[in-house]
> 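One structure is given below, represented as structure tokens, and several questions about it will come after.
We name chains A, B, ... by the order of the sequence lines, and we start the count at 1 in each one.
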Protein chains: 2
Amino acid sequence: MVNTNEINEFMPLREVVFLTLRKSILRGELLPGERLMEISLANKLGVSRTPIREAIRMLEHEGLVVMKPRRGAQVAKITVQELNDVLEVRKSLETLAILKACERMTEENIAAMRRAEKAFEALVADKDSDLTELAEADVAFHDTIYQGTKNRRLIQILANLREQMYRFRIEYLKDAEMRSSLVTEHKAIIEAVCSRDADKAVECITEQIDHQQRAINASIEATSEV
Amino acid sequence: MVNTNEINEFMPLREVVFLTLRKSILRGELLPGERLMEISLANKLGVSRTPIREAIRMLEHEGLVVMKPRRGAQVAKITVQELNDVLEVRKSLETLAILKACERMTEENIAAMRRAEKAFEALVADKDSDLTELAEADVAFHDTIYQGTKNRRLIQILANLREQMYRFRIEYLKDAEMRSSLVTEHKAIIEAVCSRDADKAVECITEQIDHQQRAINASIEATSEV
DNA sequence: CCCAATATTACTGTATACAAAATATTGAGA
DNA sequence: TCTCAATATTTTGTATACAGTAATATTGGG
């Protein structure tokens with residue numbers, strides 16, 4: 001819901017705090033299960049407890065923190081079950097998105113998608129681009145598809161579901177082979193969308209998510225992270 | 001995200017305020033565009049501004065209120081476009097839900113679904129049952145399906161999308177013919193799920209949503225509500 | 001009587017204060 | 001030394017206070 005990423009000086013502190021905390025959680029600086037203590041956060045960020053609390057309410061609604069009654073907030077632990085729940089929903093909505101994108105993408109949307117893909121490809125080729133950059137670029141590519149659906153609610157929900165999986169996406173981006181296969185998959189998607197071949201596009205996106213699902217589950221098994 | 005509907009005395013005030021305000025918005029007591037002024041709400045509900053503000057953060061994230069910079073919150077105006085966006089997503093996720101329900105519903109889940117249908121049918125038969133009751137019963141029926149998916153995230157998102165349309169669901173429940181056709185549709189769904197006939201079930205649910213979509217759009221055209 | 005400039009009000013955004021509950025600590029007795 | 005209860009500390013949940021800004025009312029000139 002909150003999407004004005006441009007930090008301007010009139011942004012309420014709660015927004016700044018929200019963005020800061022979210023980033024910390026997704027980057028893994030705040031670990032699952034870790035308590036978010038208001039006073040120490042307030043001191044650390046140099047604000048009072050009020051904006052901290054309001055930011056926590058927003059994070060709670062996004063599912064990144066959970067409230068323990070009378071114990072305050074802690075970073076949500078994501079279970080394998082929850083991850084697969086999210087992936088199940090994502091698969092359905094990514095399919096919807098690519099279908100609608102095939103119908104509705106304008107030439108301008110398509111051009112943006114091509115540019116995003118080029119940027120991603122460049123980062124993959126560059127040996128010392130960092131994972132955060134790569135993740136951002138991948139997000140940017142998929143965002144161009146979401147934008148192409150012209151469905152704001154769909155865009156919002158997909159963005160939110162993606163957030164839930166940030167840590168794991170980073171994980172599978174570590175694999176060089178995975179990265180180059182992503183490039184191939186992106187290109188296939190572009191081609192399908194350009195020729196308005198909905199079936200083909202759905203096939204591509206389904207494959208990509210299955211791919212992700214396997215990689216993520218494997219990575220979880222490996223680290224036995226629950 | 002917030003789903004503990006049982007109001008117990010240890011529920012934080014922000015939850016109580018959140019539920020109260022949400023109900024007011026969905027029931028139409030707070031009209032779209034109306035400002036939510038913290039002090040007057042605080043006085044009206046007999047609490048301080050703090051829990052009011054936290055509840056507003058939650059409503060904001062749920063999309064029921066929008067923040068105007070330095071002007072506070074106002075009830076979100078829902079446009080025809082947004083409504084159709086929601087319906088598009090809902091159709092996709094209701095389809096996923098019924099598919100998974102066909103796979104995963106236990107005998108107990110099915111029994112609950114039958115009970116919910118019976119209750120709804122009884123209310124439709126009863127001439128002086130009110131709309132709120134009917135809406136609740138319809139919600140309860142569909143909830144049994146959602147529960148059958150065993151996918152908590154899906155359950156949560158569908159519940160949220162449904163909230164967005166509360167006002168309009170009430171609208172089409174006013175039509176007696178609509179109500180009896182709902183009963184028929186519910187029965188068809190039950191039959192399909194019981195025989196684990198996924199295709200049939202998807203067909204039923206798709207039809208029901210198309211039905212809803214037409215009714216809602218008609219009702220909007222009629223009242224020229226934008 | 002109308003309009004513009006200014007004064008006032010009302011409201012949000014943020015900080016702080018206070019009370020109650022949960023947790024940690026301490027110390028006495030076995 | 002271990003256990004358990006009494007006490008201290010921490011932390012949340014809620015209320016209130018204060019500052020700055022946007023909206024509104026007021027006043028005075030034309």
Side-chain angles (χ1 to χ4, degrees), chain A residues 1-4 6-22 24-25 30-62 64-77, chain B residues 1-22 24-25 30-62 64-76:
Chain A
M1 196 79 355
V2 181
N3 261 333
T4 47
E6 323 89 45
I7 293 191
N8 64 62
E9 65 183 308
F10 295 114
M11 183 183 279
L13 284 184
R14 60 170 179 269
E15 287 291 333
V16 179
V17 173
F18 170 69
L19 292 173
T20 306
L21 292 180
R22 180 163 68 169
S24 295
I25 292 172
L30 289 167
L31 296 169
E34 193 167 333
R35 285 182 69 185
L36 296 179
M37 278 177 303
E38 298 169 5
I39 296 174
S40 55
L41 286 176
N43 293 338
K44 194 168 295 177
L45 300 178
V47 299
S48 79
R49 280 177 60 210
T50 306
I52 301 281
R53 286 180 64 82
E54 300 197 3
I56 287 175
R57 290 291 85 71
M58 299 193 266
L59 292 166
E60 179 190 3
H61 225 286
E62 209 157 74
L64 289 175
V65 313
V66 294
M67 297 303 294
K68 298 277 174 183
R70 299 187 206 268
R71 294 236 46 209
Q74 60 180 65
V75 179
K77 295 179 192 171
Chain B
M1 197 79 357
V2 181
N3 262 333
T4 48
N5 276 15
E6 325 88 46
I7 293 191
N8 64 61
E9 65 182 307
F10 295 114
M11 182 183 278
L13 283 183
R14 61 170 179 270
E15 287 291 333
V16 179
V17 173
F18 170 70
L19 293 174
T20 305
L21 291 181
R22 181 163 69 169
S24 294
I25 293 172
L30 289 168
L31 296 168
E34 194 169 329
R35 285 182 69 186
L36 296 179
M37 278 178 304
E38 297 170 5
I39 296 174
S40 54
L41 285 175
N43 292 339
K44 193 168 296 178
L45 300 179
V47 300
S48 81
R49 281 176 59 211
T50 307
I52 300 282
R53 286 180 65 83
E54 300 196 4
I56 286 175
R57 289 293 84 71
M58 299 193 265
L59 291 166
E60 178 190 4
H61 223 285
E62 208 158 74
L64 289 176
V65 313
V66 296
M67 298 303 294
K68 299 278 173 180
R70 297 186 207 269
R71 293 238 45 210
Q74 60 181 65
V75 179

> Apply side-chain contact (heavy atoms from CB on, under 4.5 Å) to residues V65(B) and L30(B) and explain how you reach the verdict.
CA-CA 11 Å; V65(B) 313; L30(B) 289 168; over 6 Å; no

> Does a side-chain heavy-atom distance below 4.5 Å link V16(A) with V47(A)?
no

> Between CG of L41(B) and OG of S24(B), what distance do you get to the nearest 0.5 Å?
9.0 Å

> When you check the gap from the basic side-chain N to the acidic O, do E60(B) and R57(B) get nearer than 4.0 Å?
yes

> Specify the residues of residues 43-54 of chain B, ordered by number, for which at least one heavy atom lies under 4.0 angstrom from an atom of DNA chain C.
R49(B), R53(B)

> Give the ring-plane orientation class for H61(A) versus H61(B), where under 30° counts as parallel, over 60° as perpendicular and anything between as tilted.
parallel

> Rounded to the nearest angstrom, tell me the gap between atom CZ in R70(A) and atom P in dT12(D).
13 Å

> In whole Å, what is the span from the CD atom of E15(B) to the C1' atom of dG13(D)?
13 Å

> What is the nucleic acid contact for L41(A), judged by heavy atoms within less than 4.0 Å: base, sugar-phosphate only, or nothing?
nothing

> First and last nucleotide of DNA chain C touching chain B, 5' to 3', heavy-atom cut-off 4.0 Å?
dC11(C) to dT14(C)

> Heavy-atom nearest nucleotide on DNA chain C for R71(A) versus E38(B): which residue maps closer to 5'?
E38(B)

> After noting the C-alpha distance and the side-chain angles of V75(A) and L31(A), does the key distance pass the side-chain contact (heavy atoms from CB on, under 4.5 Å) rule?
CA-CA 7 Å; V75(A) 179; L31(A) 296 169; over 6 Å; no

> Rounded to whole Å, how long is the line connecting atom CD of Q74(A) with atom C1' of dT12(D)?
14 Å

> Would you please test I56(A) and M67(A) for side-chain contact (heavy atoms from CB on, under 4.5 Å) and show each step?
CA-CA 9 Å; I56(A) 287 175; M67(A) 297 303 294; 3.9 Å; yes

> Test side-chain contact (heavy atoms from CB on, under 4.5 Å) on T50(A) and E54(A) and set out the steps.
CA-CA 6 Å; T50(A) 306; E54(A) 300 197 3; 4.0 Å; yes

